[in-house]
K.L.:
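So that we are looking at the same thing, I have put the structure below in structure tokens.
Please read these numbers as outputs of a predicted model, since none were measured by experiment.
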Amino acid sequence: MLVRVAIDLALDRLFDYEVPKELEKKLAVGQLLSVPFGHRTARGFAMEIGDEGSGVRGQGSGGRSYALKPIEAIVDEEPFFSTRLLELVRALACYTAAPVESVLKAAVPAAVVKPNARAKELYFIEPALAPAPVPMTARRQWLYDQIVRLGGGWMQQLCRELKTTPASLKELGRLGLVTIAPRQKRRDPLGNMRRILPTKPLPLNGEQTAALGVISAATKPVLLFGVTGSGKTEVYLQAIAKELESDRGVIVMVPEISLTPQTVRRFASRFGDKVAVLHSALSDGERYDEWHRIRSGAARVVVGPRSAVFAPVRGLGLIVVDEEHDSSYKQDDNPRYNARDAAVLRGKIEGARVVLGSATPSLETWHNVSLGKYELAEMKCRAGAGTLPAVRLVDMSAPQRGDSSGAIFSHDLLDAVKLRLDRHEQTILFLNRRGYSRSVTCAACGATVDCAECSLPYTYHRADDCCRCHICGGWIPTPKVCPACGAPSLQYKGIGTQRAEAALAKCFPNAKILRMDADSTSRKNSHDDILSAFRRGEADVLLGTQMIAKGLDFPNVTLVGVLNADSSLNMPDFRAAERTFQLLAQVSGRAGRAELPGEVVIQSYDPSAPAIVAAARGDFAAFAKEELSVREECFFPPFCHLAAVNLRSKDLKLVSSWADMYAKSLMKVKGLTVSEAVPSALEKADGWYRWQVVVRSPSVSAIVKAWRWLLAQRPPPAALRAAIDVDAFNLV
């Protein structure tokens, strides 16, 4: 018997091994194996099993005249991948032109497969069933009585609660009064959340009931298109409950779990111990325990970001992709898959229903609805007493009345904030730029203080008086004079969250302000701490970046202010208008979600821009119609597949010449529309020069086939990195 193994190296090929007789009956596809590889022992997954004549032989291995090496051991007899999950892995590797090993690596947390991964064992103490009579001191008797009262417990916990030592407890064990034995202890990342009171299903309104009916009867993916606050999460919860009643499992994908603690809390309070979470902020131990709970079937509902699409859920019946439009579902490095599309593919493979939820769907998903590939369930009204907020556009290019905030806040917004402070209501202010000022510029010569490793100016951070690069993370002390001309005339241009916070505090010295950005949330659980404090009413204003734009529900928030609606509109990317609309509509939806009416003030230097006007009106259909007509005319997604060939090197001449050669070679392939080689919008990052070639075609397979052919003909030299991003989300 032979087995084909994907080794833990990205070699993009499988290797054949012989299966020893004693392991033949134990071997199964998807198992983790230990195999000899060169002069070392490697690990890999069993991809195919068969005999010499079954086609299991390795790539290019026909007519082999040498003996195969036998596998050394089966690391875990329980497969890590089902045959259906392996089918998904292979399909994604083919679609993204990525080595199958890289997809396998993305699918299983490293904490689960590393050699020393194991469950946590601690000592558990229980009262003996029939303790023998022994001489007892008063202290010893008291300890024993307390352990009987508590029914036992973990040794560390009992030492804390009873103010004793392990030696004293072990003495009770030596006397036969208690039993002490190692026992696995689960590391539970939702420990605190599981202590909250369980919730029951809420009554559904007509739109929610109709949406649930569409999902229950669906034979194709469903777009749940509901305005912010329409009750999409409750529909998810009740759809999940139906699956659990039928003993089927569920995957719920959220854009970034650390940014959506309220959503996770709702699932934990509804389904209790059946919920497991998987995300990057977990410790290795927590990730190990949660993954094994899922594989064993103990956890039936998995909540997590994009990697959750690979969760080994048994009897999968439903996949929910919340905020399906969100860019975080697209992975930036190998394998460059879109988890939303992977969810649709897994649903097809597993025979599971797929729900894509959003108030601002991606244009690809909306187009699939128009083609009849997806079904539509629409919810146009907010659930409960909430109503959609009134929206005001403020033209910041018009002169503003003088105030101490400079040009950061319009007078309309300041008046609106003051009104909420007087009413003891809360405000959310959105500015998608962290730091104090986005650049430091010399008034004398016009030079900017730039990062030496990246083609971007430093951002000034006032909190620690330094200039930081938000690309490579480098920093320098804030210069006192211009590095170019030596003039002491440096100016701080642009507005970041730190500067907005300082200006707001000057305008409203008695207001309590919380800032939420990458700088204020660097420690573990800081997102949840800030949001919990705001929910408890410990602050009047929450000021932040896109972290606050989605997944938040605060009943006392009646005002949302967008400080600069143009920041994402001017990006050199064909998706800029779509992203601007989505961001504005999502953050606007944080206002007026309960009985109190809401208001949104959007500040813009170009308030007539179609995306901004449509977002202010909340008219997604009109925006989509206009934007799709432009995309079709220009042959951009969703009317084609777009791939970005990204090249980078420390040598500018090398990367530019190879990018040009690759572009000219691809231009010769029929069926492809290929751009000239150009520097990326971010031309240099972390010391690497970056160039790009954009390829478009109606066929993904045509793009991937051409790329693989090109790599075989002209493999890049060691000093050059070349990769293709199929269905690229960013062209920067």
K.L.:
So, for Y460 and D465, which heavy atoms are closest and what is the spacing to 0.1 Å?
P.N.:
OH-OD1, 3.4 Å

K.L.:
Which is it for R499 and T497 under the side chain to side chain contact (heavy atoms under 4.5 Å, CB included) test, yes or no, and what are the steps along the way?
P.N.:
CA-CA 5 Å; R499 186 171 184 177; T497 48; over 6 Å; no

K.L.:
Hey, is NZ on K418 packed in by over 12 heavy atoms from elsewhere, all under 6.0 Å?
P.N.:
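No, NZ of K418 has 12 or fewer neighbouring heavy atoms, counting only those of other groups under 6.0 Å.
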
K.L.:
Measure the spacing between CG of N556 and CZ of R420 and express it to the nearest 0.5 Å.
P.N.:
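It is 10.5 Å, given to the nearest 0.5 Å.
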
K.L.:
The test is side chain to side chain contact (heavy atoms under 4.5 Å, CB included); show your working for L92 and F310 and say whether it passes.
P.N.:
CA-CA 11 Å; L92 289 179; F310 298 109; 3.7 Å; yes

K.L.:
Regarding T228 and Q586, do their side chains bring together a donor and an acceptor under 3.5 Å, going by distance alone?
P.N.:
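No - no donor-acceptor pair under 3.5 Å links their side chains.
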
K.L.:
So, does S455 use its side chain to make a donor-acceptor pair with the main chain of E683 at under 3.5 Å?
P.N.:
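Checked: pair present.
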
K.L.:
To the nearest 0.5 Å, how far apart are CG in L559 and CG in L413?
P.N.:
6.0 Å

K.L.:
For F554 and F534, I'd like to know if the aromatic rings sit close, meaning centre-to-centre distance below 6.0 Å.
P.N.:
yes

K.L.:
Would you sort out whether R575 and S327 count as a side chain to side chain donor-acceptor pair (under 3.5 Å), showing the intermediate values?
P.N.:
CA-CA 11 Å; R575 298 185 195 271; S327 61; over 6 Å; no

K.L.:
Using modelled atom types only, decide if a donor and an acceptor are shared between the side chain of K684 and the backbone of A452 within a distance under 3.5 Å.
P.N.:
yes

K.L.:
Parallel, tilted or perpendicular for F623 and F620, by the 30°/60° rule?
P.N.:
tilted

K.L.:
If you apply the rule salt bridge (Lys or Arg N to Asp or Glu O under 4.0 Å), what do you find for R579 with D573, and how did you get there?
P.N.:
CA-CA 10 Å; R579 288 200 180 98; D573 194 330; 3.3 Å; yes

K.L.:
Do S362 and R340 get their side chains close enough for a donor-acceptor pair, meaning under 3.5 Å?
P.N.:
yes

K.L.:
Show the nearest heavy-atom pair for residues W691 and A659, with the distance to one decimal.
P.N.:
CB-CB, 3.8 Å

K.L.:
Quiz question: by atom type and distance under 3.5 Å, do the side chains of D326 and S328 form a donor-acceptor pair?
P.N.:
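Yes.
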
K.L.:
Say you draw a straight line from CH2 of W475 to SG of C469; how long is it, rounded to the nearest 0.5 Å?
P.N.:
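One finds 14.0 Å between CH2 of W475 and SG of C469.
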
K.L.:
So for atom CG, which belongs to D332, do other residues, nucleotides or ligands contribute more than 12 heavy atoms lying within a distance under 6.0 Å?
P.N.:
no

K.L.:
Taking T441's backbone N and O only, do any of them form a donor-acceptor pair with Q491's side chain (distance below 3.5 Å, no angle check)?
P.N.:
no

K.L.:
Calculate, to the nearest 0.5 Å, the distance between atoms CZ and CD1 belonging to R438 and I495 respectively.
P.N.:
8.0 Å

K.L.:
Main chain of M253, side chain of Y329: is a donor-acceptor contact present, judged purely on distance under 3.5 Å?
P.N.:
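Checked: pair present.
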
K.L.:
Under the side chain to side chain contact (heavy atoms under 4.5 Å, CB included) test against L514, which residue among I530, D540, I548 passes?
P.N.:
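Of the listed options, the one satisfying the test is I530.
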
K.L.:
Donor-acceptor check, side chain of S649 to backbone of D651, threshold 3.5 angstrom: yes or no?
P.N.:
yes

K.L.:
For Q498 versus A463, what's the shortest heavy-atom pair and its separation?
P.N.:
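Between these two residues, the closest heavy atoms are OE1-N, 3.4 Å.
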
K.L.:
Can a donor-acceptor pair be found between the side chains of D450 and T448 at a distance below 3.5 Å?
P.N.:
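Note: D450 and T448 side chains meet the donor-acceptor criterion.
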
K.L.:
Which pair of non-hydrogen atoms, one from E425 and one from T558, has the smallest distance, and what is that distance?
P.N.:
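Looking at all heavy atoms of both residues, the shortest contact is OE1-OG1, 2.7 Å.
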
K.L.:
Counting only N and O atoms by type, is there a donor-acceptor contact under 3.5 Å from the side chain of R690 to the main-chain atoms of L682?
P.N.:
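Looks like yes, one N/O pair under 3.5 Å.
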
K.L.:
So which heavy atom on C445 is nearest to which on C442, and how close?
P.N.:
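Shortest heavy-atom contact: N-SG, 3.5 Å.
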
K.L.:
Hey, what do you get for CD1 (I724) to CG (L710), rounding to the nearest 0.5 Å?
P.N.:
9.0 Å

K.L.:
Okay, side chain of E627, backbone of E578: is any donor-acceptor separation there less than 3.5 Å?
P.N.:
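No, the answer is negative, given that no donor and acceptor are paired below the 3.5 Å cut-off.
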
K.L.:
Start with the C-alpha distance between C507 and L414, add both sets of side-chain angles, then the distance that settles side chain to side chain contact (heavy atoms under 4.5 Å, CB included), and finish with yes or no.
P.N.:
CA-CA 8 Å; C507 295; L414 290 174; 4.1 Å; yes

K.L.:
With ring centroids as reference points, do F409 and F508 lie under 6.0 angstrom apart?
P.N.:
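Centroid distance F409-F508: not below 6.0 Å, so no.
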
K.L.:
Keeping the roles fixed (side chain from R434, backbone from L431), state whether a donor-acceptor pair exists under 3.5 Å.
P.N.:
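No; judged by distance alone, with no hydrogens or angles, the pair does not exist.
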
K.L.:
Taking K330 as the fixed residue, which of N338, D341, D725 is the one that meets the side-chain hydrogen bond (donor to acceptor under 3.5 Å, both in side chains) rule?
P.N.:
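With K330 as partner, side-chain hydrogen bond (donor to acceptor under 3.5 Å, both in side chains) holds for just one option, D725.
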
K.L.:
Evaluate whether atom CZ of R462 has more than 12 neighbouring non-hydrogen atoms of other residues, nucleotides or ligands under 6.0 angstrom away.
P.N.:
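Result for CZ/R462: open.
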
K.L.:
Which atom names give the shortest non-hydrogen contact between I471 and A685, and what distance separates them?
P.N.:
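In terms of heavy atoms, the two residues are closest at CG2-CB, 3.7 Å.
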
K.L.:
Examine the side chains of D517 and T545 and answer whether a donor and an acceptor come within less than 3.5 Å of each other.
P.N.:
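There is no such pair (donor and acceptor under 3.5 Å, judged by atom type) between the side chains of D517 and T545.
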
K.L.:
Answer yes or no: is there a donor N or O on one side and an acceptor on the other, between the side chain of S439 and the main chain of P457, under 3.5 Å?
P.N.:
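Looks like no, no N/O pair under 3.5 Å.
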
K.L.:
Ignoring hydrogens and geometry beyond distance, is a side-chain donor-acceptor pair present between D606 and S608 at under 3.5 Å?
P.N.:
yes

K.L.:
Determine yes or no for a side-chain-to-main-chain donor-acceptor pair under 3.5 angstrom, with E364 supplying the side chain and P637 the backbone.
P.N.:
no

K.L.:
Above 12 or not: heavy atoms from other molecules or residues under 6.0 Å from CD of E538?
P.N.:
yes

